[in-house]
Participant: 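Before anything else, here's the structure in question.
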Amino acid sequence: MVLMLKALNRVWKVREKTLEVYDLKIMTHHSKRYVALKVMYFGQRFYGFASEAQMDPTVEESQYSRCGRTDKGVSSVGQVIALFLRSNLKETDQNHKITGELFPEARIEGEIDYARVLNRVLPSDIRTLGWSPVSIDFSARFSCLAREYKYFFWRGNLNLSAMENAGKKFLGEHDFRNFCKMDAANVHNYRRRITQFEISSSNMSFEGGQLCAIKVKGSAFLWHQVRCMVAVLFMIGQGLESVDVIDILLDIEKTPRKPQYAMAPETPLILQSCEFEDVKFICSSDSGQALRIHLENEGRAYQLQSAIFQEAALSCLPLAKDQSLLNDGTIKKVTSHIPLLSRPTEPSYEERRAKLNSRR
């Protein structure tokens, strides 16, 4: 998320309704505070919110951390990041010098309206939803208690009851190595706990199609875990796989190698929320009103684009006999389904580790 990081690589000072930008390198001469920001971004234009190794050094100096990893094309309405920011408030030591830090419970009145200032310089598809003072030992990643993802999809002819029954099997703690992109070099524990799973319908529809959403909540997630889970659920919803295939894939003794299958598309996935203890995000009334107006205008703009695509769809020629419309709205040539348990498999974790060790 290069654009977001560039915006956060600035510190703001409001003086007589003018905005002055200060680099973090000179923040040592001014008071600062450690802040958590709640941000949203429309992921279609971005390459993900993941790598901390590619950050500008001044961002690293700000003790930056982010809660959830989102890949290219994935959106968020509840991402949380933490870093030092310039503050209007001052805390001095015994020698009356500015310490550069503030207590997390310090007063809010008179502080910079971080959401308003940030949203002035951010692109239209990235917005700060709120901020909260946090303690110096706070980590947006490791202090997070739970993360919630939501995956939107068109119902079509999917069997939602079968998908719901299958999804409930994810609840609890399991080894999800068959539902992720394995990173054997860095990840050695593939057990994760899912605390909530549900499928719901929205009030949105298109050409008679009902928009639905899968909600998954857990303490932490593996790389591409949600998209892999959704991909298998779609197979079950289409009647291509049995509900019991979830149990089989979660049993790593019986199924130590992941069958090869494509993940669900990235665009419908959003990071819905990140939960923390005693973190309450603040957004001034003026900033909140401006934010709502902006998001409503952006939504209307995308609805206008949708209307154009709808008109184009009405002008299309009929589908060829060897094509069909899939539940996610894409068109693909009809092919016979190969059962997951009959497909070629990827190397197991042990095999990957053995290969890595042989290179040393």
Side-chain angles (χ1 to χ4, degrees), residues 43 48 50 69-74 149-171 174-185 187 190-192 194 197 199 212-216 218 221-270 322-353 355:
R69 172 178 184 156
T70 57
D71 300 303
K72 177 183 177 181
V74 177
Y149 286 88
K150 186 174 285 188
Y151 194 97
F152 291 101
F153 65 96
W154 296 106
R155 177 171 185 172
N157 295 321
L158 291 173
N159 184 338
L160 296 188
S161 177
M163 292 173 62
E164 185 109 40
N165 291 335
K168 296 295 185 184
K169 295 178 178 292
F170 290 129
L171 293 173
H174 304 281
D175 191 308
F176 284 92
R177 67 183 64 191
N178 290 326
F179 292 94
C180 72
K181 184 174 181 180
M182 188 175 293
D183 180 11
V187 180
Y190 291 86
R191 297 191 69 84
R192 296 294 186 272
I194 302 298
F197 177 92
I199 299 177
C212 299
I214 295 172
K215 182 170 72 173
V216 183
F221 291 86
L222 297 164
W223 192 9
H224 294 323
Q225 180 180 337
V226 176
R227 291 172 60 189
C228 288
M229 292 165 62
V230 171
V232 177
L233 290 176
F234 281 164
M235 296 180 202
I236 294 171
Q238 295 174 71
L240 302 174
E241 295 287 344
S242 166
V243 171
D244 296 331
V245 76
I246 302 295
D247 294 317
I248 298 173
L249 292 176
L250 289 176
D251 189 339
I252 61 169
E253 292 187 2
K254 292 182 178 179
T255 316
R257 299 178 183 86
K258 176 187 174 184
Q260 295 179 2
Y261 61 88
M263 297 182 294
E266 69 277 3
T267 304
L269 178 61
I270 64 170
D322 63 343
Q323 291 183 327
S324 64
L325 194 63
L326 297 182
N327 289 306
D328 61 359
T330 60
I331 295 176
K332 185 177 181 180
K333 190 172 182 179
V334 175
T335 58
S336 58
H337 176 75
I338 301 176
L340 281 174
L341 301 180
S342 300
R343 298 187 183 189
T345 58
E346 299 178 2
S348 67
Y349 169 78
E350 291 75 18
E351 291 168 339
R352 293 173 188 265
R353 289 298 306 173
K355 186 175 182 179

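Computed from heavy atoms alone, side chains included, the values below leave out hydrogens, waters and symmetry copies. As the structure is a computational prediction, the values presented were derived from the model and not from experiment.
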Participant: Walk me through it: do Y151 and I199 pass the test side-chain contact (heavy atoms from CB on, under 4.5 Å)?
Facilitator: CA-CA 9 Å; Y151 194 97; I199 299 177; over 6 Å; no
Participant: Please give me the minimum heavy-atom distance between A166 and I236, naming the atom from each residue.
Facilitator: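 Residues A166 and I236, closest heavy atoms: CB-CD1, 3.5 Å.
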Participant: Closest approach of L341 and I248, non-hydrogen atoms and distance?
Facilitator: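 Closest approach of L341 to I248: CD1-CD1, 3.7 Å.
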Participant: Heavy atoms, side chains only, cut-off 4.5 Å: are H174 and D247 in contact?
Facilitator: no
Participant: Check each of V216, I246, V232 against F170 using the side-chain contact (heavy atoms from CB on, under 4.5 Å) test, and report the only one that passes.
Facilitator: I246
Participant: For atom NZ of K355, is the number of surrounding heavy atoms from other residues, nucleotides or ligands below 6.0 Å larger than 12?
Facilitator: no
Participant: Just by modelled atom types, is the L249 backbone N or O under 3.5 Å from a matching donor or acceptor in the N178 side chain?
Facilitator: yes
Participant: Hydrogens and angles aside, do H337 and E241 bring a side-chain donor and acceptor to less than 3.5 Å of each other?
Facilitator: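 The criterion, which ignores hydrogens and geometry beyond distance, is satisfied for E241 and H337.
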Participant: Nearest 0.5 angstrom please: C180 SG to F221 CZ, how far?
Facilitator: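 The SG atom of C180 sits 12.5 Å away from the CZ atom of F221.
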Participant: Is there side-chain contact between C212 and F153, with at least one heavy-atom pair below 4.5 Å?
Facilitator: yes
Participant: Could you measure the distance from the CZ atom of R343 to the OG1 atom of T345? Nearest 0.5 Å is fine.
Facilitator: 12.5 Å
Participant: Yes or no on side-chain contact (heavy atoms from CB on, under 4.5 Å) for F234 and M163, after CA distance, side-chain angles and deciding distance?
Facilitator: CA-CA 7 Å; F234 281 164; M163 292 173 62; 3.8 Å; yes
Participant: Out of curiosity, L233 CG to Q238 CD, how far, rounded to the nearest 0.5 Å?
Facilitator: 11.5 Å
Participant: Counting only N and O atoms by type, is there a donor-acceptor contact under 3.5 Å from the side chain of E164 to the main-chain atoms of L160?
Facilitator: no
Participant: Within the 4.5 Å heavy-atom criterion, are E346 and Q260 side-chain neighbours or not?
Facilitator: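 E346 reaches Q260 side chain to side chain.
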Participant: Looking at K150 and A213, what are the two nearest heavy atoms and their distance?
Facilitator: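 For K150 and A213, the tightest heavy-atom pair comes out as CG-CB, 3.7 Å.
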Participant: Mind running side-chain contact (heavy atoms from CB on, under 4.5 Å) on L269 and F152 for me, showing each step along the way?
Facilitator: CA-CA 7 Å; L269 178 61; F152 291 101; over 6 Å; no
Participant: Mind checking whether K258 and R177 have side chains closer than 4.5 Å, heavy atoms only?
Facilitator: no
Participant: Give me the atom names and distance for the closest heavy-atom approach of P268 to P265.
Facilitator: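 Minimum heavy-atom separation between P268 and P265: CD-O, 3.5 Å.
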Participant: When you measure from the side chain of R191 to the backbone N and O of F176, does any donor-acceptor pair fall under 3.5 Å?
Facilitator: no
Participant: Under the side-chain hydrogen bond (donor to acceptor under 3.5 Å, both in side chains) test, which residues partner E351, sequence neighbours left out?
Facilitator: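 Checked E351 against side-chain hydrogen bond (donor to acceptor under 3.5 Å, both in side chains); matches are R257, S348.
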Participant: Rounded to the nearest 0.5 Å, how far apart are CG of L158 and CE of M235?
Facilitator: 12.5 Å
Participant: Between R352 and P347, which heavy-atom pair has the shortest distance, and what is it?
Facilitator: NE-O, 3.1 Å
Participant: Would you please name every residue forming a side-chain contact (heavy atoms from CB on, under 4.5 Å) with N159, sequence neighbours left out?
Facilitator: S161, A162
Participant: Just to verify, what does P256 make a side-chain contact (heavy atoms from CB on, under 4.5 Å) with, not counting sequence neighbours?
Facilitator: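 P256: no side-chain contact (heavy atoms from CB on, under 4.5 Å) contacts found.
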Participant: Tell me whether E266 is salt-bridged to K72, with the criterion being a basic N under 4.0 Å from an acidic carboxylate O.
Facilitator: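 No, this pair does not count.
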Participant: Do K181 and F179 form a cation-pi contact, if we require the NZ or CZ to be under 6.0 Å from the six-membered ring centre and within 45 degrees of the ring's axis?
Facilitator: no
Participant: Got a second to check how far D183's CG is from W223's CH2, nearest 0.5 Å?
Facilitator: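 Interatomic distance, D183 CG to W223 CH2, rounded to 0.5 Å: 6.0 Å.
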Participant: Run the numbers on R192 and L222 for side-chain contact (heavy atoms from CB on, under 4.5 Å), then give the verdict.
Facilitator: CA-CA 8 Å; R192 296 294 186 272; L222 297 164; 3.1 Å; yes
Participant: Kindly give the heavy-atom pair with the smallest separation between A264 and A231, and that separation in Å.
Facilitator: N-CB, 3.6 Å
Participant: Which distance, rounded to the nearest 0.5 Å, do you find between the CG of D175 and the CD1 of I252?
Facilitator: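 Result: 4.0 Å between the selected atoms.
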